[in-house]
Structure formats: C-alpha cells, structure tokens
Student: 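Got a structure for you, questions after.
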Amino acid sequence: MEERVQKILARAGYGSRRSCEELIEQGRVKINGQAAILGSKADASKDKITVDGSAIPQAEAFVYIALHKPRGYLCANSDPEGRPLASQLFASVIPVRLFHVGRLDYLSSGLILYTNDGDFAKIVTHPSSEIEKEYLVEAARPIEEQLLKQYQKG
C-alpha cells in the first residue's frame, strides 16, 4: 500500500513526520534511486527507500499500550527540566518509538494510550470521531455552582 514517504520514515524511527519532511527537502531521501520530493508516495514493502544512501529498516508492527500514568510523570517526548517521562515506565521493555495519544497533566494520574499508529491516534483524538472521554477531578476546595455550569456549556 502506498503512503507518503515522510510517514514511512517516521514509522521506521527517523523522527516526527515534520522532521522527516526536512530530510526529504534536504535531498537525503531516495525512492528506488530517485530523489524523493514532498508528497512522494511509496510502498514500504516493495520500494527501496534510502536515507543518506542507507536502506531504511522495515517498519515495525503497530504497538498499542494502555498505561496508568502515575502522578509526577510527564506526557512528553522530552523535558528540559529533567522531570520523569511516562514513556520511561515501559521504554526498557518496549524498544519501539511510541508517542502518547492525548495528554495528562504532570500532577494527574490515569489512563493514557501510547502507540506508533498515527491513524489510530488521529481517530481516537479527533472530535469528529465523537469518542467520549471521562475525567474525574478532585479539587482542594469546593467548586462554585456557577463555575460548574460554565464548564458544562463547554
């Protein structure tokens, strides 16, 4: 199945789709010996895709993780402040580049999904999918009725 080359490169571990677009723009990506351009499509199972002359590794199978994120972990790929990342909880046993689907605050805990399947992540997070998400919030003091009504309106 043909798909955009930056998507294939991202799944193969070369970075985000945006950073893979930069590799293409820099002329470092070839498909069957021809320079790729933005918008180029290829079939990862049939076409020879190279970056800087080296063949890309075969794409990994899709991975899906449901993680109960404890308080004190960040849903991010990195943190300049050095706080612990939720992905570090499973990184030593799952050596695949995964990204979080949605986000939980540093001090919150709960279910967070991790995957390398961008299409799945889009379906789960996009409002058009109408997937209900439920949050339980504990407050340090009572919440005023007016504020609750405002939140219910959206």
Side-chain angles (χ1 to χ4, degrees), residues 1-29 36-45 49 51 56-154:
M1 175 178 91
E2 284 196 343
E3 53 189 341
R4 292 190 185 271
V5 176
Q6 63 265 33
K7 187 174 179 181
I8 296 169
L9 293 174
R11 197 168 48 244
Y14 283 88
S16 68
R17 288 189 198 182
R18 298 287 177 258
S19 62
C20 291
E21 287 174 355
E22 292 174 12
L23 292 174
I24 294 168
E25 289 174 331
Q26 294 166 357
R28 298 170 58 189
V29 180
I37 59 171
L38 282 182
S40 292
K41 291 187 175 186
D43 184 332
S45 63
I49 303 168
V51 176
I56 67 167
Q58 286 296 326
E60 300 157 336
F62 289 133
V63 175
Y64 307 90
I65 294 178
L67 174 72
H68 182 271
K69 183 192 90 61
R71 291 175 49 115
Y73 283 84
L74 196 61
C75 290
N77 295 326
S78 62
D79 182 40
E81 296 178 31
R83 294 174 292 185
L85 306 177
S87 59
Q88 292 170 331
L89 295 169
F90 57 81
S92 65
V93 294
I94 301 176
V96 177
R97 181 179 171 270
L98 302 177
F99 55 90
H100 50 91
V101 180
R103 186 177 297 264
L104 290 173
D105 291 335
Y106 179 70
L107 293 178
S108 65
S109 66
L111 176 68
I112 187 79
L113 302 176
Y114 278 82
T115 187
N116 57 351
D117 183 348
D119 293 330
F120 169 78
K122 182 178 178 184
I123 290 168
V124 171
T125 58
H126 199 275
S128 66
S129 299
E130 297 182 359
I131 295 175
E132 184 177 330
K133 295 155 186 89
E134 188 172 310
Y135 300 90
L136 175 64
V137 178
E138 292 182 26
R141 59 179 186 250
I143 300 172
E144 296 177 20
E145 189 70 29
Q146 181 63 25
L147 186 57
L148 285 174
K149 289 179 181 177
Q150 185 178 348
Y151 276 120
Q152 289 174 339
K153 290 180 183 177

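Keep in mind it's a predicted model, so treat the numbers as computed, not measured.
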Student: I want to know whether Phe99 and Tyr114 have ring centres closer than 6.0 Å.
Tutor: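 No.
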Student: For a quick test of reading the model, state the closest non-hydrogen atom pair linking Gly102 to His100 and the distance between them.
Tutor: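 Answer, listing the atom of Gly102 first, then His100: O-ND1, 2.7 Å.
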Student: Please report the interatomic distance OG(Ser19) to CD1(Ile24), rounded to the nearest 0.5 Å.
Tutor: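 So the OG of Ser19 and the CD1 of Ile24 are separated by 10.0 Å.
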Student: So, for Ser109 and His68, which heavy atoms are closest and what is the spacing to 0.1 Å?
Tutor: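 Shortest heavy-atom contact: CB-CE1, 4.1 Å.
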Student: Would you indicate whether Tyr73, at its atom OH, is surrounded by more than 12 heavy atoms from other residues, nucleotides or ligands within a distance under 6.0 Å?
Tutor: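 Result for OH/Tyr73: open.
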Student: So Ile65 and Leu113, side chain to side chain contact (heavy atoms under 4.5 Å, CB included) or not? Walk me through it.
Tutor: CA-CA 6 Å; Ile65 294 178; Leu113 302 176; over 6 Å; no
Student: Taking only residues two or more places apart in sequence or in another chain, which ones pass salt bridge (charged side-chain N to carboxylate O under 4.0 Å, His left out) with Asp105?
Tutor: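 Here no residue qualifies.
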Student: Mind checking the CG-CD spacing from Leu111 to Glu134? Nearest 0.5 Å is all I need.
Tutor: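 Between atom CG of Leu111 and atom CD of Glu134 there are 12.0 Å.
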Student: By salt bridge (charged side-chain N to carboxylate O under 4.0 Å, His left out), which residues pair with Glu3, not counting sequence neighbours?
Tutor: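 Glu3 satisfies salt bridge (charged side-chain N to carboxylate O under 4.0 Å, His left out) with Lys7, Arg11 only.
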Student: In sequence, state the C-alpha distance, the side-chain angles, and the governing distance for Ser40 and Glu2, and then conclude on side chain to side chain contact (heavy atoms under 4.5 Å, CB included).
Tutor: CA-CA 10 Å; Ser40 292; Glu2 284 196 343; over 6 Å; no
Student: Which heavy atom of Leu98 sits nearest a heavy atom of Asn116, and at what distance?
Tutor: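 So the two residues come closest at CD2-N, 3.6 Å.
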Student: How close do Ile8 and Ala42 get, heavy atom to heavy atom, and via which atoms?
Tutor: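 Where Ile8 meets Ala42 most closely, the heavy atoms are CD1-O, 3.5 Å.
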Student: To the closest 0.5 Å, what do you measure between CG (Leu23) and CD (Gln6)?
Tutor: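 Rounded to the nearest 0.5 Å, the CG-CD separation comes to 10.5 Å.
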Student: How long is the span from the OG1 atom in Thr125 to the CZ atom in Arg103, to the nearest 0.5 Å?
Tutor: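 So the OG1 of Thr125 and the CZ of Arg103 are separated by 12.0 Å.
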Student: Over all heavy atoms of both residues, which pair between Lys133 and Val124 is shortest? Give the atoms and the distance, please.
Tutor: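 Answer, listing the atom of Lys133 first, then Val124: NZ-O, 3.1 Å.
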Student: Atom OG of Ser87 and atom CG of Leu67: how far apart are they, to the nearest 0.5 Å?
Tutor: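 Result: 9.0 Å between the selected atoms.
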Student: If we count only N and O atoms by modelled type, under 3.5 Å, do the side chains of Asp117 and Thr115 hold a donor and an acceptor together?
Tutor: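 No - no donor-acceptor pair under 3.5 Å links their side chains.
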Student: Taking the cut-offs as 6.0 angstrom to the six-membered ring centre and 45 degrees off its axis, would you call Arg83 and Tyr106 a cation-pi pair?
Tutor: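 Satisfied, under 6.0 Å and within 45°.
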Student: So, Asp43 side chain and Met1 main chain: donor-acceptor pair closer than 3.5 Å or not?
Tutor: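 Between the backbone of Met1 and the side chain of Asp43 there is a qualifying donor-acceptor contact (under 3.5 Å).
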Student: Output a table of donor-acceptor pairs, distance under 3.5 Å, between side-chain atoms of residues 144-154 and any protein atom two or more places apart or on a different chain; print 'none' if there are none.
Tutor:
none

Student: Quick one, Tyr64 with Phe120, criterion ring-ring contact (aromatic ring centres under 6.0 Å, His included). Give me CA distance, side-chain angles, the key distance, then yes/no.
Tutor: CA-CA 9 Å; Tyr64 307 90; Phe120 169 78; 5.1 Å; yes
Student: Minimum heavy-atom separation for Ala10 to Cys20, with atom names?
Tutor: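 Residues Ala10 and Cys20, closest heavy atoms: N-SG, 3.5 Å.
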Student: Does Tyr14 reach the side chain of Pro57, with side-chain heavy atoms less than 4.5 Å apart?
Tutor: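 Sidechains of Pro57 and Tyr14: in contact.
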Student: Measuring from atom CD1 of Ile112 to atom NZ of Lys69, what distance do you get when rounded to the nearest 0.5 angstrom?
Tutor: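 Going from CD1 on Ile112 over to NZ on Lys69, the span is 8.5 Å.
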Student: Go through Val5 and Lys41 one step at a time and tell me if the side chain to side chain contact (heavy atoms under 4.5 Å, CB included) criterion holds.
Tutor: CA-CA 5 Å; Val5 176; Lys41 291 187 175 186; 5.8 Å; no
